[in-house]
2 protein chains.
Amino acid sequence: MQMQQADRLQGLKYPADPIQRAWVAIQRMGPALLERVEARLKDAGLPALEWYDVLWALEREGPLRQRDLAANMLIARYSISRLIDRMEADGLVERRECPEDARGQVVHVTEAGLALRQRIWAVYGPAMKDALAALTEDEALQLAALLIKLGC
Amino acid sequence: MQMQQADRLQGLKYPADPIQRAWVAIQRMGPALLERVEARLKDAGLPALEWYDVLWALEREGPLRQRDLAANMLIARYSISRLIDRMEADGLVERRECPEDARGQVVHVTEAGLALRQRIWAVYGPAMKDALAALTEDEALQLAALLIKLGC
DNA sequence: TCTATATAGATGCAAATGCAACAAGCCGAC
DNA sequence: GTCGGCTTGTTGCATTTGCATCTATATAGA
């Protein structure tokens, strides 16, 4: 198999300055953990997490407009447009007319989409747990609280 | 100006489960903060942070092989190869022969590279500080410590 | 030494991304 | 009403990515 250099996390140094240290840690660990998890999805022949996010948002909140999906996922409109193109081509979602705004469309999940989400979660859930296994539950909550503070 | 949907961080929900909550927070805040900072670089007509990372690694540690840059930045070899192509074309770095391994090359930073790094830092530093302004120094250190734990 | 295997880096190709521009519909001021 | 400006979603184009593969060199082991 190829490399996996995102797991060369051991020898890396961090700045001493608190702000810089936090910044580097966030920007380094986010992608590294993501790569670990996505590698397991790929090994299982499953699509990337982006697809999961769409499917889960639709299952959780019901049919949504592309605009709202974009807002949920913090990605650009044109990205959603093309992501939904691909997912629709795979039969996971459907675009339907939007009654109260003729510009818009409403995205619905299909049965196949629901089924795929479950198959992804069966791998994603455990992989996420493993990725964060070094933290206790309290620490995980602390970490989340600190990060969420940054969004406000 | 265009959108900036990465700042729609306010209304977003987080799972109650500690592990999931931490995961979502990391994966959401990392890119959102990055986008805020990179927007300021772009407004100033400066290149993306990737370039900064290369320049700073070379300035800090001296000339490096592409292999070592890749390890430092947690990115794939072929990405480095092409990143250095572009930076070399811009006169910021130079590839030179590697005396003790004829396969390899050593990347050196040029005067222009040193100068550019300083210009980037003048924007990057303050932007980073602003992005993390919601945290005290203690909190920043706490956050960093929790994240760094995940790499071990 | 000679061979097998591993590593460094580059690259062709297909897919994905970002940007800018666009059409179509909405909405509020007048 | 209608006019200007905003929002929604799409698309052409150039750039960037990821994957697989390739060459050249290094290194370990018989």
Side-chain angles (χ1 to χ4, degrees), chain A residues 1-6 8 31 34-36 38-39 41-43 45-51 53-54 63-90 93-108, chain B residues 1-8 31 34-39 41-43 45-51 53-54 63-90 93-108:
Chain A
M1 185 190 286
Q2 260 266 77
M3 32 81 281
Q4 195 75 332
Q5 75 261 83
R8 282 277 139 277
L34 186 61
E35 181 169 322
R36 283 190 200 164
E38 296 220 301
L41 293 177
K42 172 168 293 189
D43 285 351
L46 294 167
L49 284 182
E50 224 180 10
W51 288 37
D53 291 340
V54 170
L64 289 176
R65 308 216 10 204
Q66 297 192 180
R67 163 190 74 171
D68 301 317
L69 279 170
N72 260 295
M73 298 175 57
L74 301 180
I75 67 181
R77 300 266 162 88
Y78 58 79
S79 299
I80 276 292
S81 185
R82 293 197 263 220
L83 177 54
I84 299 302
D85 283 350
R86 281 171 246 146
M87 294 181 69
E88 193 170 32
D90 266 39
V93 299
E94 279 176 14
R95 283 190 250 235
R96 300 196 198 147
E97 274 184 13
C98 179
E100 67 268 339
D101 185 344
R103 286 170 306 183
Q105 313 205 30
V106 182
V107 182
H108 293 249
Chain B
M1 189 189 288
Q2 261 266 78
M3 33 82 283
Q4 196 73 331
Q5 75 260 85
D7 275 309
R8 282 278 139 276
L34 186 61
E35 181 168 321
R36 282 191 201 163
V37 169
E38 295 220 301
L41 292 177
K42 172 169 293 189
D43 285 352
L46 294 168
L49 284 182
E50 224 180 10
W51 288 36
D53 291 340
V54 170
L64 290 176
R65 306 210 22 197
Q66 296 191 182
R67 161 189 77 170
D68 301 319
L69 280 170
N72 260 294
M73 298 174 58
L74 300 180
I75 67 181
R77 300 265 163 89
Y78 59 80
S79 300
I80 277 291
S81 185
R82 293 198 264 222
L83 177 54
I84 299 301
D85 281 351
R86 283 172 242 142
M87 294 181 68
E88 193 169 32
D90 267 40
V93 298
E94 278 176 15
R95 281 190 250 236
R96 301 197 198 146
E97 273 184 15
C98 179
E100 68 268 340
D101 184 345
R103 288 169 305 182
Q105 315 204 26
V106 182
V107 181
H108 292 249

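Numbered from 1 within each chain, the chains take letters A, B, ... in sequence-line order.
Looking at the side chain of A:Y78, the nearest of the listed nucleotides C:dT11, C:dG9, C:dA20 is C:dA20. The B:K42 side chain lies nearest to C:dG18 when the options are C:dG18, C:dA8, D:dT10.
Across all non-hydrogen atoms, the minimal contact from B:L41 to B:P47 is CD1-O, 3.8 Å. Closest of all the heavy-atom pairs between A:Q66 and A:R95 is OE1-NH1, 2.5 Å. B:V106 and B:E97 make their closest contact through CG2-O, 4.1 Å (heavy atoms, listed as atom of the first residue, atom of the second, distance).
B:R82 places its CZ atom 12 Å from the P atom of D:dC19, with the value rounded to the nearest Å. Atom C1' of nucleotide D:dG9 and atom CZ of A:R96 are separated by 19 Å, given to the nearest angstrom. Protein atom CG of A:L69 is 9 Å distant from nucleotide atom P of D:dG9, rounded to whole Å. Rounded to whole Å, the distance from CD on B:E97 to C1' on C:dG9 is 14 Å. The interatomic distance linking B:I80 (CD1) with D:dT17 (P) rounds to 11 Å, in whole Å. Rounded to whole angstrom, the span from the CZ atom of B:R77 across to the P atom of D:dC19 amounts to 15 Å. One can place CD of A:Q66 at 11 Å from P of D:dT11, the figure rounded to the nearest angstrom. Residue B:M87 contributes atom CE, which lies 16 Å from atom C1' of D:dT16 at whole-angstrom precision.
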For nucleotides 26-28 of chain C, list the nitrogen or oxygen atoms of the protein found under 3.5 Å from its nitrogen or oxygen atoms, one pair per line.
{"residue": "C:dC26", "atom": "OP1", "partner": "A:A102", "partner atom": "N", "Å": "2.9"}

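Between B:Q105 and A:S79, the residue anchored closer to the 5' end of DNA chain C is B:Q105, taking for each the nucleotide with the nearest heavy atom.
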Determine, step by step, whether B:L74 and A:E35 satisfy the side-chain contact (heavy atoms from CB on, under 4.5 Å) criterion, reporting the C-alpha distance in whole Å, the side-chain angles of both residues, the deciding distance to 0.1 Å, and the verdict. CA-CA 10 Å; B:L74 300 180; A:E35 181 169 322; over 6 Å; no
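Partners of B:R65 under the salt bridge (charged side-chain N to carboxylate O under 4.0 Å, His left out) rule, at least two apart in sequence or in another chain, are B:D101.
Using a 4.0 Å heavy-atom distance criterion, B:R65 is classed as a sugar-phosphate-only contact. Nucleic acid contact class of A:R86 (heavy atoms, under 4.0 Å, all strands): sugar-phosphate only.
A close approach under 4.0 Å does not occur between any side-chain nitrogen or oxygen of B:R67 and OP1 or OP2 of C:dA10.
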